[in-house]
Amino acid sequence: MATRYALNKTKYLLKPEVDRLEALLKTYQDREPRNILLLALALKTGARASELLQLRTIDLNEYDQTVFVRGIKGSNDREIPLAPDLFGRLKRYSATSASVSELLFPIGYHRLHQIWEMYRPVPKKFHALRHTFAIQVYQKTKDIRLVQTALGHRNIMNTMIYADYVYTQEEMKKIL
């Protein structure tokens, strides 16, 4: 039997770390729009680094204010709604910076990693933003199927780590 992946506090951002990151993003959003949008999208969509780097201008749905994320690693494609402010900033950015390739962010993974290192509130991996997003969605909704859909998981067992982790933490807080 395979060992299940387990979350711990090194694999996602804690609430004060999220608050610090969001403050940094707000501070630099006008000076560094591309970098800030990349990090904000990672935090607010749960998209993997490679999924973010494949976003194109046509993936923005203005009517629904969503972004279409093409799944990788056997994941499902998904359409993630964005807050109006974030969608508006993304739309304005795409109108002024769309390159010939039409990629929203025509940079490589190495550059994205450098950007994360410049803004990250603590020395955690970029993928921590995906875990943070999933935990936040589950904490707000208690709907594991919604988390599965939002992350593009085909197998619900991949998503269960978030329910197990949140449930365990909340139950332990009640009894301790």
Which residues satisfy the salt bridge (Lys or Arg N to Asp or Glu O under 4.0 Å) test with [X], sequence neighbours excluded?
X	value
K15	D19
R111	none
R48	E51
R120	none

Could you tell me which non-hydrogen atom of [X] sits nearest to which non-hydrogen atom of [Y], and how far apart they are?
X	Y	answer
S94	T57	CB-CG2, 4.0 Å
L86	A40	CD1-CB, 3.9 Å
G71	D77	N-OD1, 2.8 Å
L151	F133	CD2-CD2, 4.0 Å

**Request:** Return each pair, listed once, that meets salt bridge (Lys or Arg N to Asp or Glu O under 4.0 Å) where at least one residue sits in residues 129-139; pairs must be two or more places apart or across chains.
**Result:** none
**Asked** Which residue pairs satisfy the salt bridge (Lys or Arg N to Asp or Glu O under 4.0 Å) criterion with at least one member in residues 57-70, sequence neighbours excluded?
**Response**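 Passing the test, one end in residues 57-70: D59-R70, E62-K91.
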Would a distance-only check, ignoring hydrogens and angles, find a side-chain to backbone donor-acceptor pair under 3.5 Å from [X] to [Y]?
X	Y	answer
R78	A150	yes
Q148	H153	yes
R92	G88	yes

[atom2] on [Y] to [atom1] on [X], rounded to 0.5 Å:
X	Y	atom1	atom2	answer
F105	L112	CZ	CG	9.5 Å
I80	T66	CD1	OG1	9.0 Å
Y162	I144	OH	CD1	9.0 Å
K125	H113	NZ	NE2	9.5 Å
R154	T159	CZ	OG1	12.5 Å
L104	Q54	CG	CD	11.0 Å

Residues that [X] engages under side chain to side chain contact (heavy atoms under 4.5 Å, CB included), provided they are two or more places apart:
X	value
N155	M157, N158
K124	L13, L14, E17, V122, A128
K142	Y138, V166, E170
N8	T10, K11

**Prompt:** What do you reckon, are the aromatic ring centroids of Y109 and F126 less than 6.0 Å apart?
**Reply:** no
For residues 30-39, which side-chain N or O atoms pair as donor and acceptor with protein atoms under 3.5 Å away, sequence neighbours left out?
residue	atom	partner	partner atom	Å
R31	NH2	T27	O	3.4
E32	OE1	N35	ND2	3.2

**Request:** Please report the C-alpha distance between L103 and L53 in whole Å, then the side-chain angles of each, then the deciding distance to 0.1 Å, and finally whether the side-chain contact (heavy atoms from CB on, under 4.5 Å) criterion is met.
**Result:** CA-CA 7 Å; L103 289 176; L53 296 177; over 6 Å; no
What about [X] and [Y], same hydrophobic cluster or not, with Ile/Leu/Val/Met/Phe/Trp/Tyr joined at side-chain heavy-atom distances under 4.5 Å?
X	Y	result
L60	I58	no
L21	M118	yes
I72	L41	no
L90	F68	no

**Request:** May I have all residue pairs that pass ring-ring contact (aromatic ring centres under 6.0 Å, His included) and include part of residues 12-31, sequence neighbours excluded?
**Result:** Y12-Y165, Y28-Y119
